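Every chain is numbered from 1, with letters handed out A, B, ... down the list of sequences. What you see is a predicted model; the values in this text were computed from it and never measured.
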Amino acid sequence: MPAMNMIQAVNSAMDIMLARDNDIVIFGEDVGYFGGVFRATEGLQKKYGLDRTFDTPIAEAGILGVAVGMGAYGLRPVVEIQFADYIYPALDQLVSEAARLRYRSAGEFTSPLTVRVPCGGGIFGGQTHSQSPESLFTHVCGLKTVIPSNPYDAKGLLISAIEDDDPVIFFEPKRLYNGPFDGHHDRPSGIWANHPLGEVPADYYKIPLGKANIVREGKDVTILSYGTMVHVAQCATEETGIDAEVIDLRTLLPLDIDTIVESVKKTGRCVIVHEATRTSGFGAELSALVQENCFYHLEAPIERVTGWDTPYPYSLEWHYFPGPDRVGAALKRVMEG
Amino acid sequence: MPAMNMIQAVNSAMDIMLARDNDIVIFGEDVGYFGGVFRATEGLQKKYGLDRTFDTPIAEAGILGVAVGMGAYGLRPVVEIQFADYIYPALDQLVSEAARLRYRSAGEFTSPLTVRVPCGGGIFGGQTHSQSPESLFTHVCGLKTVIPSNPYDAKGLLISAIEDDDPVIFFEPKRLYNGPFDGHHDRPSGIWANHPLGEVPADYYKIPLGKANIVREGKDVTILSYGTMVHVAQCATEETGIDAEVIDLRTLLPLDIDTIVESVKKTGRCVIVHEATRTSGFGAELSALVQENCFYHLEAPIERVTGWDTPYPYSLEWHYFPGPDRVGAALKRVMEG
Amino acid sequence: MKNTANSGLHVPEPTARPGDKVDFSYIAIPPAGSVRMPDTAVDPSEIRDLCYDLIRVMDENGQAVGPWNPKLSADDLRRGLRAMTLTRVFDDRMMRAQRQGKTTFYMKCTGEEAVAVAQGMALRRDDMCFPTYRQQGLLIVRDWPILDMMCQVFANTKDRLKGRQLPIMYSTKEGAFFSISGNLATQTSQAVGWGMAAAYKHDQRIAATWVGDGASAEGDFHHALTFAAVYQAPVILNLVNNQWAISSFQGFAGGDRTTFAARALGYGIPGLRVDGNDFLAVYAVTAWAAERARAGLGPTMIELFTYRASAHSTSDDPSKYRPADEAACWPLGDPIDRLKKHLIALGEWSEDQQKALEEELTEYVTKTAKEAESYGTLDQGVAPSPATMFEDVYKEMPWHLRRQRQEAGI
Amino acid sequence: MKNTANSGLHVPEPTARPGDKVDFSYIAIPPAGSVRMPDTAVDPSEIRDLCYDLIRVMDENGQAVGPWNPKLSADDLRRGLRAMTLTRVFDDRMMRAQRQGKTTFYMKCTGEEAVAVAQGMALRRDDMCFPTYRQQGLLIVRDWPILDMMCQVFANTKDRLKGRQLPIMYSTKEGAFFSISGNLATQTSQAVGWGMAAAYKHDQRIAATWVGDGASAEGDFHHALTFAAVYQAPVILNLVNNQWAISSFQGFAGGDRTTFAARALGYGIPGLRVDGNDFLAVYAVTAWAAERARAGLGPTMIELFTYRASAHSTSDDPSKYRPADEAACWPLGDPIDRLKKHLIALGEWSEDQQKALEEELTEYVTKTAKEAESYGTLDQGVAPSPATMFEDVYKEMPWHLRRQRQEAGI
Ligand SMILES: Cc1ncc(C[n+]2csc(CCOP(=O)(O)OP(=O)(O)O)c2C)c(N)n1
Ligand SMILES: Cc1ncc(C[n+]2csc(CCOP(=O)(O)OP(=O)(O)O)c2C)c(N)n1
Ligand SMILES: [Mg+2]
Ligand SMILES: [Mg+2]
């Protein structure tokens, strides 16, 4: 199997889908000729033509509005929002339109869109190139929310997202584009070629939405996380020596509740890790669900390790980013609880 | 003290503040000559002039953008978004601009705005006149989120919000405008003139942001709720005979954590009630916080009674609305837990 | 000077408020037939002046004059008259149903019937419409069953939208009528996307969308114009300037400063301004724009200059913010009266026939309403099953909705 | 015909891509001095043609000609030349610092220096600017200390923004320079709000805002124009059309179809189109618009026609999407060269003086950069204290942030 980084995996998914289905069109700011500021769509315009992968005006709400109209026609638009931080102008078209169209038309009109959204920090992007707004989308019924943590999953999940008949917000943790990242910013970063999940089949395959992945089995405590934080969690596990079961949620909505509940019932302890700000982050929902479903099995309070409730501060980003030390400390607290 | 309904209380707060502070201007769709579709600004243009209370173009993002600019100048804009359901176009100006301006300018520019937002269902408004999107705003650091449940609080909290130097989203549960509503839609609704909290001082007074109100003391279980649901919770308490302590949060952010924790430590049980959809609703954050702060005091799982994770369905709204029966059933479950 | 930086903030005001004498003297009305009709292949830069003009076909005597006369057959004219009249009768009946408590809400299009009806006639039956809430005439002129519309208004057991939507928020794929959104202006960029998709698929169908003067201030409308211009989408962007947005006059949408049609200039799109109460003119400009779109010549923007003669909705009382007789003073008259007069002038219609038509349609609407009511009305509580509430949120119901449905016990 | 509904979707393309011969032949350049200068009190409807023209003052020989000649003193011209040159030297130094790893990011305004510098000179020192990220020239012409700007770029201990913002996202209330947002176009409606507030307060100050050709597609810009027109706000809306938005040419913002200045027409706002590399013309149109705003005559929109000669940012490589020599072929030349030539033609400057100026400024910038570096650079990790991270989220720190600060152990 070829080694791919996450950009290549995402590119490969779109390449394959453009070839398979003429109803798929890809567009967004700078995604056409240039191939996207992260190069995720590189080569696609040249290969499939001007009308299959093209640039757009800089108007995120326009991009989504147009995508909703195309979806209603019967196409399957795959759009890119250049940074998660710039998705807010498009929120109305997502929340009020894409997410509710099937419901309000009693199934006649649908929005089979995929919205690719690079997210997360750790690249010195400052407050407007670092955000993780996934929790907002999980509050919106009618949307699905996906966040892969590695190239293999990224490709398989993206193909599933594109084929899904409901609107899917597909977050891509940009800190993982080039390699796995465990939070140790002071050490050289790894590359995907050296990681088992950097081996990605060249062909079509799918990873189903709504299925979590147990990336490390363990019996002491369950770590729930997604995106970049999966790697941080694994690192903290190794560094503390605590036998944690690390679950990569992959899809936040619909959530794989069974895998979560089974694990927490086994371990009796739970730590939730995400990069987004804490208050009303998706960790809150996870904590509530775990508590509701595993109350009588819990031996210690569920802990949340998250970004602080401040904007992502440019030069202080490593004080903001929830790294392995903070996760490790939470693991220890939970084991003592 | 005069009896006021919630519209009158809100109107009185703005009236008083317009008179006290020439830097306050009020604007929004239809708020000027007509006085707002809910009549909350009735009479203010006539009394204070065209330039103190005026109509705007229908562009929620424009209203907020202009308000941010005015706030940066030094005014204190109080704007109305006609329905909470229409706040999404303005989200970028709220999240990326108003909420972060103080931080990103290191305190030099601020956004002392108040955004009044009628919210909630129970008036046969259908999916686009019924929403309760408060949880989204609680995820945004830099914003404060307030929801009163009665005329007395509404006036005192609105004056605090207007005087606050940070941006405040002020939700007004429109089902409560004319009278308290306990969820029994099949019975005649009450009016505020018959309710103690419908007695509202004519003059200036404040209720501090960040302070919850224990509307009913009890020892069996703590009910956390806000807005319309406070009345539903009280009704369910009476109907089940369970001695619940009912807390009206009033401000969601900053939250009055001390009052919550003290109560749950006392009762050992907690039910959270809100009208918004469940997943990633503010109930998730409340559940997580209670669990984190009161783990060793909890005798049963924390329950959430909420709107379903569907759009607010027009003709089925009473099947959607979390009424006293559903709250009562949760109370009973929790007592058995 | 009031409007100066150092002498205060300018806030627009209409020429008359309740109690004032109506003043429409600021409205310039060129004679019917005075505006030229360019070739549809014209370069938009050659017809910029049309944004500031007003295309009119019917003169004071009910004669159709000038180059924009679409020369419709008498049968077509009668079809248009019938559809407009039916729309008005339907509106009146549904409004009364709301007053009787059979539904909670209704919105009329009184005075604006020519907009949807003439445009619906000029479009093909399968051209996709992205309307706002005052284009019920589109469905009616397409012979969509009014029974179906009524069932939606009553949210009854035959409501195709299963009681999920506010009355009048129709949706029908078969009727090529896109699901109306409560959120203003969102449909405009969607229509452009649909048109782009049609172009991509080498489809002959085009898209059309409608937005109000008030709602045109939303960013979505700007996005619609931008994307339509950039990709030369086969779409007609209609801006219905009916002078009011609930209680706000069109000055709050910028109408005090220039025409709405002039918006088109900023995007290099042809902009036409038309007497929206002139059935023939509305038909003609729409046919012109449709021809352009279908020929691959790109989008057209049309300002339909009309007047909202009734309240905004059943929740509104316009006497609170405009003179009670303003509608009666509207200088461009009533679209039904004007088309009727034209047909009579042609010798193809009479007052008696009109009366008979009104009676026939009233009876038809009354009968149909009775049938619709027999499937339930909101106040009777005969609604779609609550179990349907959890359907169609997603294509397949995820576990959490299944659990919630269980919890709801339905 | 490619662009037809039934023959596919039209997607715009620039005239040349890497490897192609540069083709700017589609750009019409009227002679300097050929455009009339109306009175500032002119009715906007009388100057619609100016949206399609190009105001230019300096001719090929460096002479200032025509009615828009602002007739600046030689001292003022030299001040402008100095500020533009300093801006360019500053940009080069900071770009090098980024390449050396002293900061992570930088954005130059090469080729566009006249925009901010001439406009900054035409505005009063306390007129409030709502810039986007290529108007560093505003600060420089206002003599804002470049040391302060450098400390922000280095996010060091003297960074007035406490390391919270990406390099070049300056903010200074004293400098009447509004906090730059990473989110495009949001500043435009904010500027209108500021202007409305100034009008409300009978304040003599006006607001000015800048947006790129690309970013003008955002809804905010439409809102800015609408609100500015409705309330006749004292504001100048500048659209810097530098032909590119990262890799997308201006056709993706609608520039293939008409001028950007024509946007103004849709709102009844005067729209001026100016040679953005002509210092004198830029100064003159800005002074004209400022006079209008200050006199209470309302907003003006200006399209500044220029070219982004460098990369979008240090993260960008333009050779990937446009011919390498495109900048060199730009038909309107370089703003610094052109002003220099004019001063020389006036006998008020020489090549030697220019050389000396460049040397002086290079030395000054180098020295200042050294000082700035002495307060730390990002790679040295000499940053503001982490404890400051929790400040200024709110005026007073709420309990949850206090707790989080504790948790962070700082
Ligand atoms: C985004 C949004 N904002 C506000 C509203 C509330 N609202 C409904 S209709 C209306 C007035 C619209 O006026 P106009 O566009 O002129 O259409 P008309 O009613 O005149 O046909 C308003 C403000 C809404 N539905 N959606
Ligand atoms: C809302 C938003 N969307 C996208 C971006 C990413 N972005 C930053 S600059 C830019 C191009 C802007 O081009 P233009 O407005 O022409 O300004 P220029 O860079 O040419 O000065 C883009 C797409 C952003 N910062 N904000
Ligand atoms: Mg209107
Ligand atoms: Mg540009």
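The shortest side-chain heavy-atom distance between A:Leu253 and C:His400 falls under the 4.5 Å cut-off. Proximity of C:Tyr231 to A:Pro57: side-chain heavy atoms (C-beta onward) are separated by under 4.5 Å at one or more points.
Summarising the local packing, NZ of A:Lys211 is surrounded by 12 or fewer heavy atoms from other residues, nucleotides or ligands at distances under 6.0 Å. The environment of A:Lys206 atom NZ is dense: over 12 non-hydrogen atoms of other residues, nucleotides or ligands sit within 6.0 angstrom. For C:Glu407, the CD atom is densely surrounded, since the number of other residues' heavy atoms within 6.0 Å is greater than 12. Within a 6.0 Å radius of CD in A:Glu262, no more than 12 heavy atoms belonging to other residues, nucleotides or ligands are found.
Of the residues considered (C:His222, C:Met128, C:Glu174, C:Glu391), C:Glu391 shows the highest number of contacts with chain A, using heavy-atom pairs under 4.5 Å. Ranked by heavy-atom pairs shorter than 4.5 Å toward chain A, the options C:Leu401, C:Val230, C:Asp392, C:Val192 are led by C:Asp392. Chain C forms more heavy-atom pairs under 4.5 Å with one residue of A:Leu143, A:Asp258, A:Leu289 than with any other, namely A:Leu143. Most heavy-atom pairs under 4.5 Å with chain C: of the set A:Ala61, A:Pro77, A:Pro89, this distinction falls to A:Ala61. Per-residue counts of heavy-atom pairs under 4.5 Å with chain C were compared for A:Arg102, A:Met70, A:Arg52; the largest is that of A:Arg102. Put simply, of C:Lys162, C:Met169, C:Met389, the one with the most heavy-atom pairs under 4.5 Å next to chain A is C:Met389.
When heavy atoms are compared at a cutoff of 4.5 Å, A:Val140 approaches chain C solely by way of its backbone atoms N, CA, C and O. Residue contact with chain A, scored on non-hydrogen atoms closer than 4.5 Å, is absent for C:Phe221. Residue contact with chain C, scored on non-hydrogen atoms closer than 4.5 Å, involves the backbone and the side chain of A:Thr56 alike. In this structure, the portions of C:Phe178 lying under 4.5 Å from any heavy atom of chain A include both its backbone and its side chain. Both the backbone and the side chain of A:Asp51 come within contact range of chain C, each with at least one heavy atom under 4.5 Å from a heavy atom of that chain. If you measure heavy-atom distances from A:Asp164 to chain C, you find no contacts under 4.5 Å at all. Neither the backbone nor the side chain of C:Met397 comes within less than 4.5 Å of any heavy atom in chain A. Only the backbone of C:Ile180 comes within less than 4.5 Å of a heavy atom in chain A; its side chain stays farther off. Contact of C:Val393 with chain A is made through backbone and side chain together, with heavy-atom distances under 4.5 Å. Using a 4.5 Å cut-off between heavy atoms, A:Ala67 makes no contact with chain C at all.
Between atom OG1 of residue C:Thr226 and atom CD1 of residue A:Ile58 there is a gap of 11.5 Å, rounded to the nearest 0.5 Å. The CG atom of A:Asp92 sits 7.5 Å away from the CD atom of C:Glu218 when rounded to the nearest 0.5 Å. If you take CD on C:Glu396 and CG on A:Asp166, they are separated by 8.5 Å, rounding to the nearest 0.5 Å.
Defined by atom type and a distance below 3.5 Å, a donor-acceptor pair is missing between the side-chain atoms of A:Asp23 and C:Tyr200. Remark: the C:Asp203 side chain and the A:Tyr73 side chain contain an N/O donor-acceptor pair separated by less than 3.5 Å. Using a 3.5 Å distance cut-off with no hydrogens or angles, the side chains of A:Gln93 and C:Thr186 do not pair a donor with an acceptor.
Not one N or O on the side chain of A:Arg104 forms a donor-acceptor pair closer than 3.5 Å with the backbone of C:Gln165. Judged by distance alone, the side chain of C:Arg164 and the main-chain N or O of A:Tyr103 form a donor-acceptor pair under 3.5 Å. Without hydrogens or angle criteria, C:Trp399 side chain to A:Leu255 main chain gives a donor-acceptor distance under 3.5 Å. At least one donor-acceptor pair closer than 3.5 Å links the side chain of A:Glu108 to the backbone N or O of C:Lys173.
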A:Ile63 vs C:His223, side-chain contact (heavy atoms from CB on, under 4.5 Å): CA-CA, chis, key distance, verdict: CA-CA 8 Å; A:Ile63 294 170; C:His223 308 142; over 6 Å; no
Check against side-chain contact (heavy atoms from CB on, under 4.5 Å), A:Val68 and C:Trp194: CA-CA 8 Å; A:Val68 169; C:Trp194 197 97; over 6 Å; no
Derivation and outcome, side-chain contact (heavy atoms from CB on, under 4.5 Å), residues A:Glu97 and C:Asn183: CA-CA 9 Å; A:Glu97 303 296 320; C:Asn183 294 54; 4.0 Å; yes
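In terms of heavy atoms, A:Ser105 sits closest to C:Ser179 at CB-CB, 4.1 Å. What you find for A:Phe109 and C:Ser171 is that their closest heavy atoms are CE1-OG, 3.5 Å.
Using a cut-off of 4.0 Å between Lys/Arg side-chain N and Asp/Glu carboxylate O, C:Lys395 and A:Asp165 are scored as salt-bridged.
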